[in-house]
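This report concerns only the one structure given below.
Chain A is the first sequence line, chain B the second, and so forth, proteins listed ahead of strands; every chain is numbered from 1.
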Amino acid sequence: MKTFISFVRKEFLHILRDKTTLLIMFAMPIVMIILFSYAISTEVKNISVAVLDFSKDEQTNRIIEKFNQNKYFQIKQYLTTNKEIEVAFKEKKINLVMVFSENFAENMLHTHEASIQLLADGSEANSGAMYIGYAQGVLGSYLKEINSDAGATQSFQIQTNSTMLYNPQSKSEYNFVPGVIGMMLLLLNAMMSSIAIVREKERGTMELLLASPMPPIQIILSKTIPYLTLSSITLLLVLVFAHFVVGVPINGSVGLLLLLCLLYIFTALSMGLLISTVMQTQISAMLVSGMVLMLPTIMLSGMVFPIESMPNILQWLSCIVPARWFISALRKIMIQGVDITAVSTEFLILIGMVVLYLIIALKKFKIRLQ
Amino acid sequence: MMIETENICKSYGKIQAVKSWSISVKANEIYGLIGPDGAGKTTLFRLLTTVLLPDSGKGVVAGYDIVKDFRQIRKEIGYMPGRFSLYEDLTVKENLQFFATVFSTTIEENMHLIKDIYSQLEKFSSRKAGKLSGGMKQKLALCCALIHSPKVLFLDEPTTGVDVVSRREFWQMLKRLKQEGITIIVSTPYMDEAEMCDSIALVNQGEFLRIDTPNGIVSSFDKTLFSVKSNKMHQLLNDLKQYSNALSAFSFGESIHLKVNSPTIKQDLSSYLSDKGHSELEIQEIKPNIEDCFMAMTSM
């Protein structure tokens with residue numbers, strides 16, 4: 001145990017004295033999140049709205065008035081036919097079109113339910129989703145108002161039917177942030193740990209370690225701990241940023257969220273160590289972990305393209321991408337707010353991957369020089 | 001015997017680095033493995049320190065088989081590889097501490113072994129190992145190899161790239177370590193260091209030339225050796241190689257050493273060289289040293 005602690009201490013010293021590693025570990029994720037959130041927040045204000053009102057009654061007028069008062073929305077145009085919608089998007093720089101169905105107020109009164117269609121320009125997926133989200137917020141507060149006016153006996157509902165034009169598989173920034181976190185944690189940790197063992201080979205210190213009674217499992221495990229610690233700090237920063245600056249909700253338990261992230265970091269680290277035991281030079285280890293891991297993580301994790309819409313073979317392939325399971329579980333916990341039973345599959349698969357990677361790494365770890 | 005090998009072989013692809021070597025090292029002696037680069041010294045060290053597997057042949061270190069009982073051997077030996085292999089971003093003290101804990105011991109426990117060496121390093125104890133001078137690096141590496149009080153110490157070219165004064169000091173240290181009961185096997189390309197060893201093995205290009213004590217090797221030289229100088233040194237080596245009585249000729253410092261069968265041909269040699277146009281001739285019969293023996297075995 002004492003040997004193990006001393007080894008971990010040595011690994012910490014290596015990292016803390018290597019300014020480049022520190023910079024990558026901390027600066028890269030934060031810059032990514034800042035850039036990302038900044039890109040979104042610039043688009044939020046002054047949403048140009050066009051209204052297509054087939055009902056033109058007291059209720060729809062009140063809703064339109066609500067939007068007019070809101071500082072984020074500007075009603076720019078009143079449309080009369082469906083055909084004008086496309087023109088409005090293409091030429092008038094309209095961000096959002098609100099379509100009230102016929103007999104809106106009447107439906108509201110009799111069935112307590114009416115529907116509004118929200119159309120957004122989906123070519124800019126993130127901002128489109130954000131406009132819809134904001135509009136839904138305004139509608140929600142309007143509903144609250146009329147519901148409290150009407151007392152507890154009645155409860156009105158407005159069905160919003162939102163569609164992203166030009167990008168029907170609408171993706172929101174809520175969905176994107178888990179993706180970014182998933183990619184970042186994987187690449188960061190896998191790349192950092194992939195050079196850990198190779199570096200000892202390159203420096204020649206591996207020869208000394210091999211000629212010592214140090215067991216391979218200790219050499220491998222002791223390399224994960226410093227990275228696990230540093231990544232956890234990075235992770236906390238990123239989560240705080242995602243929640244308070246970008247505004248991603250954390251609806252599930254924070255404990256479960258952190259547990260999931262720790263497990264995922266460990267998965268990434270063991271993957272990096274596996275690469276490290278096989279490779280001979282730091283450059284090749286970096287290239288393998290960077291290039292080989294980056295593409296599947298971006299393409300097959302569901303971060304950019306929804307897994308459900310992939311061809312079967314790719315869906316099947318995506319199962320071996322750890323990020324897929326992590327992002328899926330992260331979305332469920334952060335956005336849907338589910339408990340552990342709903343994400344047990346993801347947890348079990350990630351645990352299985354860690355065990356598998358570590359066992360292979362241990363098997364591949366050469367107890368002698370080549 | 002502390003170390004024994006029997007026809008041990010190792011090749012890398014087509015290159016045979018170690019061709020069927022059998023050596024035996026007695027407990028508590030300084031054993032020198034002498035030979036130029038590429039002789040197979042480092043490979044033998046790696047085989048004996050269990051970081052390489054032999055292709056064939058047997059080896060025993062401290063009573064353990066180098067293939068079967070590698071875990072036991074790794075506890076008993078201290079190894080200083082030829083290339084500086086400590087953590088350059090850690091300080092002197094941190095390196096020492098780390099290697100002490102790797103062998104589950106402490107610096108204090110075996111301070112008596114390294115005191116003489118470490119005292120010279122102490123004033124740099126918070127300096128990073130990468131910032132030390134060559135001689136200091138060697139001393140630190142030796143300290144790290146000694147920190148767990150090994151039975152056998154493997155030193156692979158410990159004095160390569162170290163200045164003459166430090167080299168002499170280094171050998172003094174090895175003599176002291178021998179008195180502590182440690183068996184030392186050391187490799188070096190410097191023939192003059194061979195005389196410091198109790199036994200030596202001369203090796204060249206994977207071949208085993210001879211094992212003996214340094215005196216044994218020198219006294220086994222049954223020919224005559226002349227040291228020759230003239231005013232035309234460049235031409236001299238060629239002329240001597242073509243000399244009919246020459247067994248071998250090689251340059252040695254400022255003169256050329258010529259191996260012949262008997263001292264009586266000195267007169268003949270002198271007239272042969274005069275005919276070739278050499279003047280200011282200096283021909284002296286000398287006592288051979290290890291290098292002469294090595295060169296005589298390998299050249300011409």
Show me the donor-acceptor pairs within less than 3.5 Å that the side chains of residues 62-71 of chain B make with the rest of the protein, sequence neighbours left out.
residue: B:Asp65; atom: OD2; partner: B:Val67; partner atom: N; Å: 2.8
residue: B:Asp65; atom: OD2; partner: B:Lys68; partner atom: N; Å: 2.9
residue: B:Asp69; atom: OD2; partner: B:Asp65; partner atom: N; Å: 3.1

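- We find the CD-CZ distance between B:Glu88 and A:Arg17 to be 13.0 Å, quoted to the nearest 0.5 Å.
- Contact tally against chain A (heavy-atom pairs below 4.5 Å) for B:Tyr87, B:Tyr79, B:Phe103: the top residue is B:Tyr87.
- With rounding to the nearest 0.5 angstrom, the CZ atom of B:Phe99 is 6.0 Å from the CG atom of A:Leu209.
- The existence of a salt bridge linking A:Arg199 and B:Asp89 is excluded, since no basic side-chain nitrogen approaches an acidic carboxylate oxygen closer than 4.0 Å.
- Both the backbone and the side chain of A:Ile367 come within contact range of chain B, each with at least one heavy atom under 4.5 Å from a heavy atom of that chain.
- Taking a 6.0 Å sphere around CD of B:Gln72, one finds it holds more than 12 heavy atoms contributed by other residues, nucleotides or ligands.
- A donor-acceptor pair under 3.5 Å links the side-chain atoms of A:Thr3 to the main chain of B:Thr101, judged by distance alone.
- When heavy atoms are compared at a cutoff of 4.5 Å, B:Thr91 approaches chain A by way of both its backbone and its side chain.
- Interface summary for chain A: among B:Leu86, B:Val102, B:Ile77, the most heavy-atom pairs under 4.5 angstrom belong to B:Val102.
- Summarising the local packing, CD1 of B:Ile15 is surrounded by 12 or fewer heavy atoms from other residues, nucleotides or ligands at distances under 6.0 Å.
- Within a 6.0 Å radius of NZ in B:Lys93, other residues, nucleotides and ligands contribute 12 heavy atoms or fewer.
- With values rounded to the nearest 0.5 angstrom, B:Asn95 atom CG is found 9.5 Å from A:Thr205 atom OG1.
- Of the residues considered (A:Glu200, A:Lys2, A:Arg9), A:Glu200 shows the highest number of contacts with chain B, using heavy-atom pairs under 4.5 Å.
- Within a 6.0 Å sphere centred on CG of A:Leu237, heavy atoms belonging to other residues, nucleotides or ligands number more than 12.
- With a 4.5 Å cut-off on non-hydrogen atoms, A:Arg203 touches chain B through its backbone and its side chain both.
- Heavy-atom pairs under 4.5 Å with chain A were tallied for B:Lys75, B:Glu76, B:Glu94, B:Gln97; the largest tally goes to B:Glu94.
- Evaluated for a salt bridge (Lys or Arg N to Asp or Glu O under 4.0 Å) with A:Glu207, the options B:Arg74, B:Arg46, B:Arg83 yield exactly one hit, B:Arg46.
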Applying side-chain contact (heavy atoms from CB on, under 4.5 Å) to A:Leu208 and B:Met80, what does each step give before you reach the verdict?
CA-CA 8 Å; A:Leu208 270 186; B:Met80 180 174 159; over 6 Å; no
Return all side-chain donor-acceptor pairs below 3.5 angstrom for residues 52-61 of chain B, not counting sequence neighbours, or 'none' if the list is empty.
residue: B:Asp55; atom: OD2; partner: B:Ser11; partner atom: N; Å: 2.7
residue: B:Asp55; atom: OD2; partner: B:Ser11; partner atom: OG; Å: 3.0

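- In this structure, A:Phe7 and B:Phe98 have perpendicular ring planes: the angle between them is above 60°, well past the 30° mark.
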